[in-house]
Amino acid sequence: MADQSDFSNLPARTSVPEAPVALTRPGNLLAIIGRIEEAVDEETAGIRGGTGYDLKASNARKSRYLYELTRALKGANEIEFLEQHREGLLRLRQKLAKNEAAILAHLNAVTEVATLLKNAIQRADADGTYSAGEFGWARA
């Protein structure tokens, strides 16, 4: 077994300093909020549009954008962020509300179909076709 402390196969660390957070944050935040809005709009349209939409990929994309947003906000002044991005956040909140409504409608439809199938199966089982009395060994 290889030694656990052998890190020779890992890439070397670079000594390039990261850009200061204050210089990168505003543009990044606007871009991240925009990407989140786009992803939410696409998901809402996909859910409303039919059965071929890939929810798993959409969730992965939204998770990645949330991670990016969290990283961009690390150490930020929350009040300043809210003031600077109020319009974008309100727009995003409205889009998320529409997305939630589409998801709930989708889940309700799935629940309704599942209930219909369950009831059909129960009716088929209750018609006596597979009851113990139909078999010779079960008769007294």
Side-chain angles (χ1 to χ4, degrees):
M1 182 187 258
D3 182 17
Q4 295 287 340
S5 62
D6 181 21
F7 299 113
S8 61
N9 62 341
L10 297 177
R13 291 188 179 186
T14 60
S15 60
V16 177
E18 291 186 24
V21 175
L23 295 177
T24 61
R25 185 172 290 126
N28 285 344
L29 289 174
L30 290 174
I32 293 169
I33 291 171
R35 286 195 299 267
I36 294 170
E37 286 183 81
E38 182 181 317
V40 169
D41 283 342
E42 184 181 313
E43 181 179 88
T44 303
I47 289 170
R48 289 180 177 166
T51 59
Y53 188 72
D54 188 357
L55 283 172
K56 186 175 180 181
S58 178
N59 284 336
R61 194 167 96 183
K62 289 187 304 181
S63 292
R64 184 175 61 247
Y65 293 156
L66 180 59
Y67 174 74
E68 288 179 20
L69 182 62
T70 302
R71 294 275 319 238
L73 289 173
K74 191 173 185 178
N77 181 346
E78 188 174 323
I79 295 170
E80 181 181 315
F81 168 75
L82 291 173
E83 289 173 1
Q84 290 178 353
H85 302 287
R86 181 173 305 282
E87 289 179 30
L89 292 172
L90 289 173
R91 226 180 19 254
L92 179 59
R93 178 178 279 171
Q94 292 169 349
K95 290 179 183 203
L96 286 169
K98 290 178 184 177
N99 183 259
E100 179 184 21
I103 290 170
L104 288 174
H106 182 75
L107 288 174
N108 288 336
V110 168
T111 301
E112 190 172 329
V113 169
T115 300
L116 289 171
L117 289 172
K118 180 186 81 163
N119 291 341
I121 291 169
Q122 286 174 343
R123 280 191 306 276
D125 285 346
D127 72 354
T129 305
Y130 298 107
S131 65
E134 294 298 315
F135 298 102
W137 61 268
R139 293 185 186 155

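Remark: L89 CG to Q84 CD distance equals 11.0 Å, nearest 0.5 Å. Distance check: I47 CD1 to E42 CD gives 11.0 Å after rounding to the nearest 0.5 Å. Rounding to the nearest 0.5 Å gives a distance of 10.0 Å between CG of L69 and CZ of R35. Interatomic distance, R61 CZ to L66 CG, rounded to the nearest 0.5 Å: 14.0 Å. Taken from CD1 in I103 to CZ in R48, the straight-line distance is 10.5 Å, to the nearest 0.5 Å. In this structure, K118 NZ and L116 CG are separated by 10.5 Å, a value rounded to the nearest 0.5 Å.
Counting only residues at least two apart or on different chains, the side-chain hydrogen bond (donor to acceptor under 3.5 Å, both in side chains) pairs with a member in residues 89-99 are E37-R91, E37-K95, D41-K95, E43-N99, T44-N99.
At least one side-chain heavy atom of L29 sits less than 4.5 Å from a side-chain heavy atom of L73. Between R123 and N119, the closest side-chain pair of non-hydrogen atoms falls below 4.5 Å.
In this structure, K62 and A39 approach most closely via the heavy-atom pair CG-CB, 4.2 Å.
Here the side chain of S58 pairs no donor or acceptor atom with the backbone of D54 at under 3.5 angstrom.
Residues L107 and L55 are members of one and the same hydrophobic cluster, defined by side-chain heavy-atom contacts under 4.5 angstrom among Ile, Leu, Val, Met, Phe, Trp and Tyr. No path of Ile, Leu, Val, Met, Phe, Trp and Tyr side chains, each step under 4.5 Å between heavy atoms, connects Y53 with Y65, placing them in separate hydrophobic clusters. Follow the hydrophobic side-chain contacts under 4.5 Å out from F81 and you reach L96 in the same cluster.
Surrounding CG of L104 are more than 12 heavy atoms belonging to other residues, nucleotides or ligands, all under 6.0 Å away.
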